[in-house]
Colleague: 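This is the structure I have questions about; it appears just below.
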Amino acid sequence: MDHFEAGPPPADTKNPSRDMPALIDKAGHLVVALLESASQAIVAVDRAGRIVLANRRADEIFGYSREELLGARIEMLLPDSKRGHHVHERDDYFARPRIRPMGSGLDLAARRKDGTEFPVEVSLSYVEAEGGGYAIAFVSDISQRKHLEEQLLHAQKMEAVGRLAGGVAHDFNNMLTVISGYNRMILDELSALDPLRGYAEEVLKAADRAGALTNQLLAFSRRQIMRPRVVSVNTVLAQTQKMLDRLIGEDVELVLRLGPEVGNIKADPLHVEQAVVNLAVNARDAMPLGGRLTIETENVCLDENYARTHMGVSPGEFVMIAVSDTGHGMDAETRRRIFEPFFTTKEKGKGTGLGLATVYGMIKQTGGDIWVYSEPGRGTTFKLYFPRVAELTGGSPEGDSGLAKGAGSETILVVEDEKAVRELTVHMLQQLGYVILTASSGAEALEIGQTHQGAINLLLTDVVMPVMSGRQLADRLLVERPGTKVLFLSGYTENTVVHHGVLDAGVNFLPKPFSRESLARKLREVLAIA
């Protein structure tokens, strides 16, 4: 059945009986055409396990020519570890022929001519023909589907851990607000010569390091505060070059190949810098005897094929940053886990395992993608893809330097369900000279709003509270007191509370932990709004 070149003779319309061979021959050619156009590999096997039929798709999937397949044992197409057992399974099948549908729950693998193994689904049918019975196998290569399933499982796992990380960061930020706030008050009371000042400063340093760790958790979980603006990737990398030179050391050569026509992206430049620095540090550690670190930029188009095999990516125009090293590389198992939080190949005490998880979260938060290629002994390449934008770059975002740090005398209603945070906030505001009203819940705050005789200039409220959220409280309070300004606080980030519909974009928001100085600046900014 491997020779189908001859065409059918012309039909005899005057004598139907003489027409029959031509019709049979035509039907045979139709069967052949169906076999050759099938999207699955179709292989027929006799009782001895010899392949007696194979279609075009079988040649493509397994890498053998038709001549190599016909007459060969079917076990040739199986992994070495499965061949011995398959002989017994084949004998059992011919002893008790039955139909086995596709996708019947079996985890099967096949082997190509070059020795590579790949996952397959196989359905079986049995036919009786001249010369005996034959097993017909319909084989589908499901490598791409398995790849997408792995991406989905990975994304689900990362999302679950991300939600956990975001929740932990929220509670942790509440505690850090109290620790840092009271510690700064202690420092204000201690003279420069006080022997206890050194201890207090160490506590503050530890709190700052804990805050940095919380930010890494938020970056991984895609709940990090972002200040995106249109930036030139080449400009960001050029400004980072001196820092990279210091980080990687003299025994690693840094090569920048920045494309001359590379477009702009909309992202937080500090996060882009953080991602590249994380990758550069990992590359340095992978080259203990020195080597080359290459950073390249290029405009790329990710097409439908790329999007189909990379979850969460939409086809379109992107800017690519490629970070390549000549280090020791990674095996497949390490590549599979590198973006998991707290997974690290470094010795104990040398890494938290949050670096690449942070990079992953930051890239995904911008709507981009990250791809890695690595082999043991052949180095590693990370490719970061950022959506390209047509807008031109603008100036730097407005900072806090122009905001007044002075105190005020207005009346502020503080609403916070965490007692320690509420008391700290009240202490800070009293030091700044404000008149303070306090409430531990939305209901209590509404009661104060109804009974307080004077003005309430500003509502300072936590976003996430039991029974009534800060947003619900603000909406109800402003009905009675429409002139009251509102400033929201949260251990979550602005992106998170906006994304979940708790706040509208552009509201006045201050993330925890906050210092007395940052609170003072934000209050003067909000109260100054007409």
Colleague: Please list every donor-acceptor pair under 3.5 Å in which a side-chain atom of residues 416-423 meets a protein atom from a residue at least two apart or in another chain.
Modeller:
from, atom 1, to, atom 2, distance (Å)
Glu416, OE1, Lys512, NZ, 2.9
Glu416, OE2, Glu418, N, 2.9
Arg422, NH1, Glu416, O, 2.6

Colleague: How long is the straight-line distance from CZ of Phe318 back to OG1 of Thr366, given to the nearest 0.5 Å?
Modeller: 9.0 Å
Colleague: Would you call Arg471 and Asp475 a salt bridge, taking side-chain N to carboxylate O under 4.0 Å as the test?
Modeller: yes
Colleague: If you take all heavy atoms of Ser409 and Val435, which pair is closest and at what distance?
Modeller: O-CG2, 4.0 Å
Colleague: Among all residues two or more places apart in sequence or in another chain, which pass the ring pair (Phe, Tyr, Trp, His ring centres under 6.0 Å) test with Tyr385?
Modeller: Tyr306
Colleague: Tell me, with the steps shown, if Ile295 and Gln241 meet side chain to side chain contact (heavy atoms under 4.5 Å, CB included).
Modeller: CA-CA 10 Å; Ile295 300 177; Gln241 183 173 1; over 6 Å; no
Colleague: Is a salt bridge present between Arg229 and Asp268, judged by a nitrogen-to-oxygen distance below 4.0 Å?
Modeller: no
Colleague: Quick one: does Gln239's side chain have a donor or acceptor within less than 3.5 Å of a partner on Val236's backbone?
Modeller: no
Colleague: Does a side-chain heavy-atom distance below 4.5 Å link Gln430 with Ile436?
Modeller: yes
Colleague: Between Arg145 and Glu121, is the closest basic N to carboxylate O distance under 4.0 Å?
Modeller: yes
Colleague: One thing to verify: whether Arg284 and Asp325 come together as a salt bridge, which I'm taking to mean a side-chain N less than 4.0 angstrom from a carboxylate O.
Modeller: no
Colleague: Under the side chain to side chain donor-acceptor pair (under 3.5 Å) rule, collect the residues that match up with Asp303, sequence neighbours excluded.
Modeller: none
Colleague: In sequence, state the C-alpha distance, the side-chain angles, and the governing distance for Asn183 and Ser180, and then conclude on side-chain hydrogen bond (donor to acceptor under 3.5 Å, both in side chains).
Modeller: CA-CA 5 Å; Asn183 192 71; Ser180 300; over 6 Å; no
Colleague: For the side chain to side chain contact (heavy atoms under 4.5 Å, CB included) test, which of Leu487, Leu460, Leu527, Leu458 pairs with Asn508?
Modeller: Leu487
Colleague: Begin from the C-alpha positions of Asn234 and Ser232 and carry the test side-chain hydrogen bond (donor to acceptor under 3.5 Å, both in side chains) through to its verdict.
Modeller: CA-CA 5 Å; Asn234 285 356; Ser232 163; 5.3 Å; no
Colleague: Testing Val323, Ile338, Thr381 for side chain to side chain contact (heavy atoms under 4.5 Å, CB included) with Val372, which one passes?
Modeller: Ile338
Colleague: Please list all pairs meeting salt bridge (charged side-chain N to carboxylate O under 4.0 Å, His left out) that have one or both residues in residues 232-242, counting only residues at least two apart or in different chains.
Modeller: none
Colleague: Look up atom CE in Met320 and atom CG in Asp369, then write down how far apart they are to the nearest 0.5 Å.
Modeller: 12.5 Å
Colleague: Are the charged groups of Glu525 and Lys485 less than 4.0 angstrom apart, N to O?
Modeller: no
Colleague: Taking side chain to side chain donor-acceptor pair (under 3.5 Å) as the test, write out the residues that go with Glu375, two or more places apart.
Modeller: Tyr373
Colleague: Taking only residues two or more places apart in sequence, or in another chain, which ones meet Arg197 in a side chain to side chain donor-acceptor pair (under 3.5 Å)?
Modeller: Glu201
